[in-house]
Amino acid sequence: MKTFLPLLLVATVCFGDLATDPILYPYGPSEGDKVTPKKDDGATSAIPISSVFIFFEKQHNSLYVNNNGVISFGVAVSSYTPNAFPLADGRPFVAPYWGDVNNEIAGTVYYRESKDPNLLERISNDMRKYYPNFNYRATWAFVATWDKVAYYGSSSRKTNTFQAVLTTDGKLAFIILNYGIITWTTGKASGGDPLTGLGGIPAQAGFNSGDKTNYFNIPGSRTPDIVNINKTSNVNTPGRWVFKVDKFRVAGGCVYEAHFVRYNETFWKDPTCETKCRCNMDGDVECEQERCSGNLVCRPSTWHYSCKIGIGLCF
């Protein structure tokens, strides 16, 4: 439950184009962006979109931009404490940074749909770099940007800036998640420290298809490490994560049980290290029977297992 306290106001002054971070696509008043309500846990009403967006084989003609770091389909999301994907209730949404944003304290959430040729060309060039086999040419984009937003219960001047871009050519569909300066992970109502914005249940990043099968948790989600998300990537561009979502395909590697695995990376999936898996260049995980060799022993390593020399280095 939230207890409403006097607000610590953080003054911001905006001049022209706000996208000073090169990882972010242009946004703000100069781009004709609209804004969400200045309301804790607020959201837009359903926004009709002029191009059908296919999200895991389901067509969507509208969406919601939610202040708590989510773009959702079908229903607005007011939840401020993030849950791990997949969600039990099957809500489909994209979460660049699902946490307890309070734009009444500081920051603005901008959004627009666009067919601007300059933006579409920039997106197309990026997608052809990340997915060279598709020769992608964007015909539509939706850009939502959380600009210098504060966290609920803040007693500091910490803010976060991040962005989600949906794009399609009428057949293929992608999401691009961009991260500027990230300084907090958790609002007070989720157990965070009002002075630091850290602790408690940290933010979740990734997406949930709604079918309980296709989902992705960006590494670090719901852990303190999520504050470093602007230093991570699946496309060798720190601060950017890209996914093909008409039918799921992650750039730069594979997904195994919602975990990202880079091309040619290997791991063991069982606690006795009897089954070794590898992400192949087609984006699929292949597994075969293979035990640890020689004097190597099986050790847990985050979400998977590795063969190591005693408690030393992994080979």
Side-chain angles (χ1 to χ4, degrees), residues 18-28 31 33 49 51 53-56 60 63 65-66 69-73 92-98 109-147 160-182 203-209 214-219 221 226 229-253 255 260 283:
L18 294 175
T20 56
D21 190 318
I23 203 71
L24 303 174
Y25 295 107
Y27 68 93
E31 299 297 325
D33 284 9
I49 54 178
S51 180
F53 188 75
I54 303 173
F55 192 59
F56 294 96
H60 297 278
L63 52 77
V65 179
N66 305 270
V70 170
I71 295 177
S72 58
F73 303 100
F93 62 68
V94 177
Y97 204 82
W98 182 15
V109 184
Y110 294 100
Y111 67 91
R112 75 184 184 280
E113 71 168 347
S114 179
K115 294 184 178 180
D116 175 69
N118 293 327
L119 175 65
L120 296 181
E121 182 62 21
R122 179 175 168 182
I123 291 173
S124 298
N125 288 338
D126 286 340
M127 290 303 97
R128 287 195 291 270
K129 180 169 60 176
Y130 306 140
Y131 292 89
N133 295 333
F134 291 128
N135 193 29
Y136 180 74
R137 295 187 180 277
T139 58
W140 174 90
F142 187 92
V143 182
T145 309
W146 287 256
D147 179 58
N160 287 349
T161 296
F162 53 93
Q163 184 179 74
V165 179
L166 282 56
T167 179
T168 185
D169 64 357
K171 180 185 295 184
L172 303 177
F174 297 89
I175 57 174
I176 307 166
L177 306 182
N178 296 322
Y179 298 92
I181 296 174
I182 301 296
Q204 164 80 31
F207 60 81
N208 187 70
S209 71
N214 294 294
Y215 56 94
F216 187 78
N217 300 300
I218 288 180
S221 289
I226 199 66
I229 194 170
N230 59 353
K231 299 178 179 66
T232 68
S233 177
N234 66 327
V235 291
N236 294 318
T237 303
R240 174 170 289 174
W241 287 78
V242 182
F243 306 93
K244 181 175 179 289
V245 294
D246 51 290
K247 294 183 178 179
F248 182 43
R249 181 70 70 187
V250 59
V255 172
F260 179 60

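Note that the structure is a prediction, hence the values are computed from the model and not measured.
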Steps toward salt bridge (charged side-chain N to carboxylate O under 4.0 Å, His left out) verdict (Asp33, Arg112): CA-CA 5 Å; Asp33 284 9; Arg112 75 184 184 280; 2.9 Å; yes
Quick check: do Val143 and Glu31 have side-chain heavy atoms less than 4.5 Å from each other? no
Side-chain heavy-atom pair Trp241, Pro96 within 4.5 angstrom cut-off: no
Could you walk me through whether Asn217 and Gln204 pass side-chain contact (heavy atoms from CB on, under 4.5 Å), step by step? CA-CA 7 Å; Asn217 300 300; Gln204 164 80 31; 2.5 Å; yes
Any heavy-atom pair between the side chains of Ile71 and Leu166 that's under 4.5 Å? yes
Any non-hydrogen side-chain atom of Val235 less than 4.5 Å from a side-chain atom of Asp126? no
Parallel, tilted or perpendicular, as decided by the 30° and 60° cut-offs, for the rings of Trp146 and Phe162: parallel
Without hydrogens or angle criteria, can the side chains of Asn66 and Ser72 be said to hold a donor-acceptor pair below 3.5 Å? yes
Side chain to side chain donor-acceptor pair (under 3.5 Å) with Asn125: of Arg128, Lys129, Arg122, only one passes, and it is Arg128
Taking Asn230 for its side chain and Ile181 for its backbone only, find out whether a donor-acceptor pair lies under 3.5 Å. no
Contact check, side chains of Phe53 and Leu63, non-hydrogen atoms, under 4.5 Å: no
Does Thr167 reach the main-chain N or O of Trp140 with its side chain, forming a donor-acceptor pair under 3.5 Å? yes
Hey, which of Trp98, Phe73, Tyr215, Phe56 is the one that makes ring pair (Phe, Tyr, Trp, His ring centres under 6.0 Å) with Phe93? Trp98
Across all chains, not counting sequence neighbours, the side chain to side chain donor-acceptor pair (under 3.5 Å) partners of Asn208 are none
Evaluate the side-chain proximity of Tyr130 to Tyr136: yes if any heavy-atom separation is below 4.5 Å, no if none is. no
Using a cut-off of 6.0 Å, state whether more than 12 heavy atoms not belonging to Asn236 lie near its atom CG. no
In terms of the angle between their ring planes, are Phe55 and Phe207 parallel, tilted or perpendicular, with boundaries placed at 30° and 60°? perpendicular
Donor-acceptor contact below 3.5 Å, side chain Asp169 vs main chain Thr139: no
Check Ala138 against Ile123 and note the closest heavy-atom contact, atom names and distance. CB-CG2, 4.3 Å
Donor-acceptor pair, distance only, cut-off 3.5 Å: does the side chain of Gln163 make one with the backbone of Tyr25? yes
Is the distance between the ring centroids of Phe243 and Phe216 under 6.0 Å? yes
Is there side-chain contact between Val94 and Leu177, with heavy atoms separated by less than 4.5 Å? yes
Applying side chain to side chain donor-acceptor pair (under 3.5 Å), name anything that partners Ser124, two or more places apart in sequence or on another chain. none
Answer whether the closest heavy-atom distance between the side chains of Ile54 and Thr168 falls below 4.5 Å. no
So Phe174 and Tyr131, ring pair (Phe, Tyr, Trp, His ring centres under 6.0 Å) or not? Walk me through it. CA-CA 10 Å; Phe174 297 89; Tyr131 292 89; 5.0 Å; yes
